[in-house]
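Counting convention: from 1, in listed order, for ligands and their atoms alike. We count residues from 1, following the sequence as given.
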Amino acid sequence: MDNDSLTQRDLRVVWHPCTQMHDHETLPPIPIRRGQGVWLEDFDGKRYLDAISSWWVNLFGHANPRINAAIADQLQNLEHVILAGFTHEPVVQLSERLTQIAPKGLARCFYADSGSAAVEIALKMSFHYWHNRGEKKRTRFINLANSYHGETLGALGVGDVALYKETYRPLLLEAITVKSPDGYHREPGESRADYSTRAFAAMEAVLARHAGEVCAVIVEPLVQCAGGMRMYDPVYLKLLRQACDKHGVHLIADEIAVGFGRTGTMFACEQAGIAPDFLCLGKGLTGGYLPLSVCLTTDEVYQAFYANYTARKAFLHSHSYTGNPLACRAALATLDIFRDDDVINRNRELAGHMARATAPLVDHPHVAEVRQTGMILAIEMVREKKTRAPYPWQERRGLSVYRHALERGVLLRPLGDVIYFMPPYVIKPEEIELLARVAWEGVDRATA
Ligand code: PMP
C-alpha cells in the first residue's frame, strides 16, 4: 500500500468533513498509517508533526501506552452496554472523578458522543428546566458574536461563524447575539481586561432587556477557537456569572475545545473563579482516542427533573453510544496522566517556550498579532499591519501556509488567515522550535 493507491480509493467513496472536495483535485488527502507521540506517518513514510492535535482532541500523543493499555484491558471485559436501566464501573468512576475536578457545584454527568451533542443537551436541559418550573416563556438563548458550538442544528443556532451557519439560517433557532469580548478589537494601549470589561456593557443591557424570555447564556470560556482563536480576559466570565445570577438566567460554559488544560488551568472557568450551571466537555476528554462528551450540571437542575414518572418531567434525551465503556476507560486513563504527571505545571514551561519561539513573528510586516492563552498560540496574518486590513478571503493565504507546512512535515491547519498551534502536551522544545520556524516561513511565503 502506498499514498497514491489509498488516496485514489478514498476519493471514490469518502466525503470528507469541512472540505470542498474539489480542492482534492490539486491537494489530495494524506493517508496516515500510524501515529506515535506528536508524529503522524503516511504510507510513503513521510512524517508530520500534529501541531493541531488532530482537531484539538489529542492531549498525550498518538499511541499513548497508558491509554492504549486501559482500552485493551476494558476490551477484555465489556465493549459496550446500554446505559438506560444499566450501568458499568468506568462510567461511575469517570462521573465521580469529573464531579471532583470540575468547578464547584457540578454534581451530575450526562453523556453523549460528540461536542455538538453535549451542547444540544445543555440547551435542551436548560430550556426543559425552566419548562418544568412552569416558566414557559423562556425559549431563547444569548450567545457571543463570533462564537462556535458545533454543527448540529441546535448548536449551529447558538454559533455565530457565518461560514458554517449562513446557508442553514432558515432552519435554525434565533439566538440573541451580543458583542464579543474578543481582545483583538481593543484600542491601542488598552488591556485585554479593560476591553473585555467594556464589552460587557452590551451583555448587561441585553440581559436586562430579555431575561424573562431567556433560558441561558452560552459562551466558550477565554478562547473563541473556531472563530479564529480569539481570546478574552477572565474578568468577562466573572461579570457574566454575576449578571446571570442577578437576572436569573443559566450560564452554559462550552469547554469542549478549551477544557483539560488547554488554557493553562484544568478548566478555563477556574481562571475566573466561577462555576457555570452547565459545563460541556468533549474532545480531549478521552485524550483524543474515542468519541465521548459530557454535559455536567448542578443538583438544582437535576432536582427540577426528579419526580414521579407521571409528572412527565424526565429528560428523555439519548444517544446509542452514550457513556461507552471503552471511551470512559480512555478518559479515566487521561485523568490519571493529569494526576500523576503534574501536567498543568509542566505545560506552563511548554507555553513559555511557544511564546519565546514565536516572538520574532510579532514584528513580521504581515502579522497583526501573536496571541496566546496557555497551550493555544495564534498568529493573525493580515494584508496591512497598521490598519489590520485582512486579505480578501478568496486569496486563501492560510491555505498556502498549510501547503508549505505539509511540505516541511508539519500539520498546521489555519483558520482562514489565522495560523495556530494547539499541540499535544507531549511536544518537545525542539519540536516547538520547528513549528515556529515553519510558521515563519509559511507566513513569509504566503504574504510575499
Ligand atoms: N464547541 C466547541 C467550542 C468546539 O470547538 C467544537 C468543535 N470544534 C464543538 C463544540 C463541537 O464538537 P464536535 O465537533 O465534537 O461535535
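Only the side chain of E220 comes within 4.0 Å of ligand 1, judged by heavy-atom distances. By the criterion of a heavy-atom distance under 4.0 Å, both the backbone and the side chain of Y148 are placed next to ligand 1. Contacts of E151 with ligand 1, taken as heavy-atom pairs under 4.0 Å, are absent altogether. Neither the backbone nor the side chain of C225 has a heavy atom within less than 4.0 Å of ligand 1.
Using modelled atom types and a 3.5 Å distance limit, the side chains of T7 and N3 yield no donor-acceptor pair. For the residue pair Y391 and H366, a side-chain donor N or O sits within less than 3.5 Å of a side-chain acceptor on the partner.
The single protein non-hydrogen atom nearest to atom 12 (O) of ligand 1 is G115 CA, 3.2 Å, given as residue, atom name and distance. The nearest protein atom to atom 8 (N) of ligand 1, hydrogens excluded, is given as K283 NZ, 3.0 Å; this is a heavy-atom distance.
Relative ring orientation between Y164 and Y148 is described as perpendicular, the plane-to-plane angle rising above 60° on a 0-90° scale split at 30° and 60°. Classification of the Y321-H80 ring pair by plane angle, with boundaries at 30° and 60°, yields tilted. By the 30° and 60° cut-offs, the orientation of the rings of H185 relative to Y195 is tilted.
Look at W56 and you'll find a heavy atom under 4.0 Å from some atom of ligand 1. Residue E255 places no heavy atom under 4.0 Å from ligand 1.
Taking every heavy atom of S116 and a limit of under 4.0 angstrom, the matching atoms of ligand 1 come to 11 (C), 12 (O), 13 (P), 16 (O). Those atoms of ligand 1 that come under 4.0 Å of a heavy atom in D254, given as number and element, are 1 (N), 2 (C), 3 (C), 10 (C). Less than 4.0 angstrom separates some heavy atom of S114 from each of these atoms of ligand 1: 15 (O), 16 (O). Each of the following atoms of ligand 1 lies closer than 4.0 Å to a heavy atom of A257: 5 (O).
Closest non-hydrogen pair, V158 versus A175, comes out as CA-CB, 4.3 Å.
Applying side chain to side chain contact (heavy atoms under 4.5 Å, CB included) to Y232 and the options V223, T373, V219 leaves one that passes, V219.
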*Please assess M203 against K179 for the test side chain to side chain contact (heavy atoms under 4.5 Å, CB included), listing each intermediate value before the final yes or no.*
CA-CA 7 Å; M203 176 64 82; K179 174 189 168 94; over 6 Å; no

